[in-house]
Participant: 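Below you will find the structure I want to go over with you.
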Protein chains: 2
Amino acid sequence: MVMSGDPAMNVPTGLSRWTGFLLARAHQRAHALFQDALAPLELTPKSFGALSVIKDRGPLSQAALGGTLRVDRTTIVAVVDELERAGYIERGHNPADRRVHSLGVTAAGSDALRVAERAAGASQDDLLAGLHPGEREQLQALLARITQ
Amino acid sequence: MVMSGDPAMNVPTGLSRWTGFLLARAHQRAHALFQDALAPLELTPKSFGALSVIKDRGPLSQAALGGTLRVDRTTIVAVVDELERAGYIERGHNPADRRVHSLGVTAAGSDALRVAERAAGASQDDLLAGLHPGEREQLQALLARITQ
DNA sequence: TATTGTTATACTCTATAACTATA
DNA sequence: TATAGTTATAGAGTATAACAATA
C-alpha cells in the first residue's frame, strides 16, 4: 500500500531513488522556511537550536553546548556572542572552574524562545502541509531512526 | 501504531520535535556516507548527481543541467570541468546554437556511473540499515511529498 | 537586448592552529 | 599536561557582477 515513484517531479527522475538527494532537498527547504520564520526574532536555525538547548539543559558550558549540537567549540563562540548580544542568554561564571562560562537563558530569552517556537511550529506546518498528522509522526519517527 | 519519541537520543531532546533538525542530522549523515562511498571514483555527491542527470537527459546544456539540479550556472562550470577532466563526460557542440555546450556521457562515464550506483546503493543500505524495506519505501515516499 | 558559458570576486560556514587563563 | 574559551586564518561551497561570444 506504499506508493513510490515521483509524485511531483520535485527531484530529477533518475535521482529520486536516492534518499540522500531527497534529504538534501527536504533539508534545504526546511532550512529556508525555518530561517524566514525566525529572522524577525534575530534568530537563525542554529542560534535557535542553541537557545533551546541552553533553556533545556542550562546552565551549561560552551563546550557542552557544542558537544550537544555537534558544533566545534570555535564555532560556538560566535553563536553565543550573537545570543548574548540579543540579550537572550548570559555568560555566567562557574565558581568551581573559572575557565568555563556558565550559559543561562535570560527572561527575555525565555520569552523570545516561546515566540520563536510558535514561529517555528508555523514553518513546520508549512513544510509538512502535504502530510496528514499520522504521516507527520511517521516521518518524524523514521528520520529519528536513521539519525546517528 | 506509530511510535514517536526519541529512540536513540540522537538529537538533543528538546530539539527532537523539529523535523528540520532531524532532516539536518539525517542529511549530514547521508552526505558523509555518500561522499565516502563515491570518493574512490573521483566523484562527489554533486558530481554524481550531475553525471546521473547527463546520462538520463543528455545531451543537454550546462544551463539545463544547472536548472535541473538547482545549482547556479556559475557553480555548474566547476562540476562539469571535474567530470570532463575525469573523462566521464564530453562538452560537445550544438550546431543549432553555438553558445551552448552539449553535455554527453562517455563510455567511461557510463561505466563509472554503474559502479558508482552500486557504491551509492551500498551507502544507502548503510544509512537505512535500521529500517525494514517497507519503512524505507515509506520514508522515500514521505520525503518526496515534502520536497518542493 | 537576451542568453550561454566563463572568470573574478565576495560572502557564508566551518574547521585547524595558536594563544591565554585556568586546572 | 590538559582543558575552556578566544582569535586569526584557511578551506569549502556557493552566489553576484562583469565579460565575450552568440542569438
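Chain naming here is simple, since letters A, B, ... match the order of the sequence lines and numbering starts at 1 in each.
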Participant: Under the criterion side chain to side chain donor-acceptor pair (under 3.5 Å), I'd like the reasoning laid out for Arg136(B) against Gln124(B): C-alpha separation, chi angles, the key distance, then a yes or no.
Facilitator: CA-CA 10 Å; Arg136(B) 297 183 187 194; Gln124(B) 180 157 314; over 6 Å; no
Participant: So, is Arg99(B) close to the dC19(D) phosphate, meaning a side-chain N or O under 4.0 Å from OP1 or OP2?
Facilitator: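 Checking Arg99(B) against dC19(D): no side-chain N or O falls below 4.0 Å of OP1 or OP2.
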Participant: So, OP1 or OP2 of dT7(D): does either fall under 4.0 Å of a side-chain N or O from Arg73(A)?
Facilitator: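 For Arg73(A), the contact criterion (side-chain N or O under 4.0 Å from OP1 or OP2 of dT7(D)) is not met.
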Participant: Less than 3.5 Å apart, any donor N or O on the side chain of Gln35(B) or Thr44(B) sitting next to an acceptor on the other?
Facilitator: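 No donor-acceptor contact under 3.5 Å links the two side chains.
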Participant: Starting at CG of Leu69(B) and ending at C1' of dG13(D), how long is that distance when rounded to a whole Å?
Facilitator: 15 Å
Participant: Ignoring backbone atoms, test whether Thr74(B) places a side-chain nitrogen or oxygen under 4.0 Å from the OP1 or OP2 oxygen of dT6(C).
Facilitator: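 No, outside the criterion.
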Participant: Between Gln28(A) (CD) and dA15(D) (C1'), how many Å, whole number?
Facilitator: 13 Å
Participant: Using heavy atoms to find the nearest nucleotide of DNA chain C for Val71(A) and Pro95(A) separately, return the residue whose nucleotide is more 5′.
Facilitator: Val71(A)
Participant: Quick one: is dT14(D) close enough that its OP1 or OP2 comes under 4.0 Å of any side-chain N or O from Lys46(B)?
Facilitator: yes
Participant: Given the rule in the side-chain contact (heavy atoms from CB on, under 4.5 Å) test, do Leu139(A) and Ile146(B) qualify, once you have shown the distances and angles that lead to the verdict?
Facilitator: CA-CA 10 Å; Leu139(A) 176 60; Ile146(B) 66 168; 4.0 Å; yes
Participant: Output the rounded distance in Å from CG (Asp97(B)) to C1' (dG5(C)).
Facilitator: 11 Å
Participant: Using atom CD1 of Ile76(A) as one end and atom P of dT7(D) as the other, report the distance to the nearest whole Å.
Facilitator: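 Distance, rounded to whole Å: 15 Å.
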Participant: Expressed in angstrom and rounded to an integer, what is the separation of His101(B) atom NE2 from dT3(C) atom P?
Facilitator: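 Nearest whole value for this atom pair: 19 Å.
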Participant: When we call it a touch if two heavy atoms are under 4.0 Å apart, what does Asp72(B) touch: a base, just sugar-phosphate, or nothing?
Facilitator: base
Participant: What's the CD1-P distance between Ile89(B) and dG5(C), to the nearest Å?
Facilitator: 11 Å
Participant: Output the rounded distance in Å from CG (Leu65(A)) to C1' (dT3(D)).
Facilitator: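 Atom-to-atom, Leu65(A) to dT3(D), this comes out as 17 Å.
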Participant: Can you see if the side chain of Thr75(B) gets near the phosphate of dA15(D) - specifically, an N or O under 4.0 Å from OP1 or OP2?
Facilitator: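 Indeed, a polar side-chain atom of Thr75(B) lies that close.
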Participant: From the list dA4(D), dT6(C), dA2(C), which nucleotide is the closest neighbour of the side chain of Ala63(A)?
Facilitator: dA4(D)
Participant: When you check the phosphate oxygens OP1 and OP2 of dT6(D), does a side-chain N or O of Gln62(A) lie under 4.0 Å from one of them?
Facilitator: yes
Participant: For Glu42(B) and Arg85(B), run side-chain contact (heavy atoms from CB on, under 4.5 Å): C-alpha distance rounded to whole Å, both residues' side-chain angles, the deciding distance at 0.1 Å, then the answer.
Facilitator: CA-CA 10 Å; Glu42(B) 292 187 89; Arg85(B) 209 178 311 119; over 6 Å; no
Participant: Checking all strands, does Val100(A) fall into the base, sugar-phosphate, or nothing category for heavy-atom contacts under 4.0 angstrom?
Facilitator: sugar-phosphate
Participant: Just N and O in the side chain of Arg98(B): are any of them under 4.0 Å from OP1 or OP2 of dT22(D)?
Facilitator: yes
Participant: Are Val100(B) and Leu103(B) connected in the hydrophobic side-chain network, where two residues link if heavy atoms are under 4.5 Å apart?
Facilitator: no
Participant: Between dA8(D) atom P and Asp81(A) atom CG, what is the distance in whole Å?
Facilitator: 12 Å
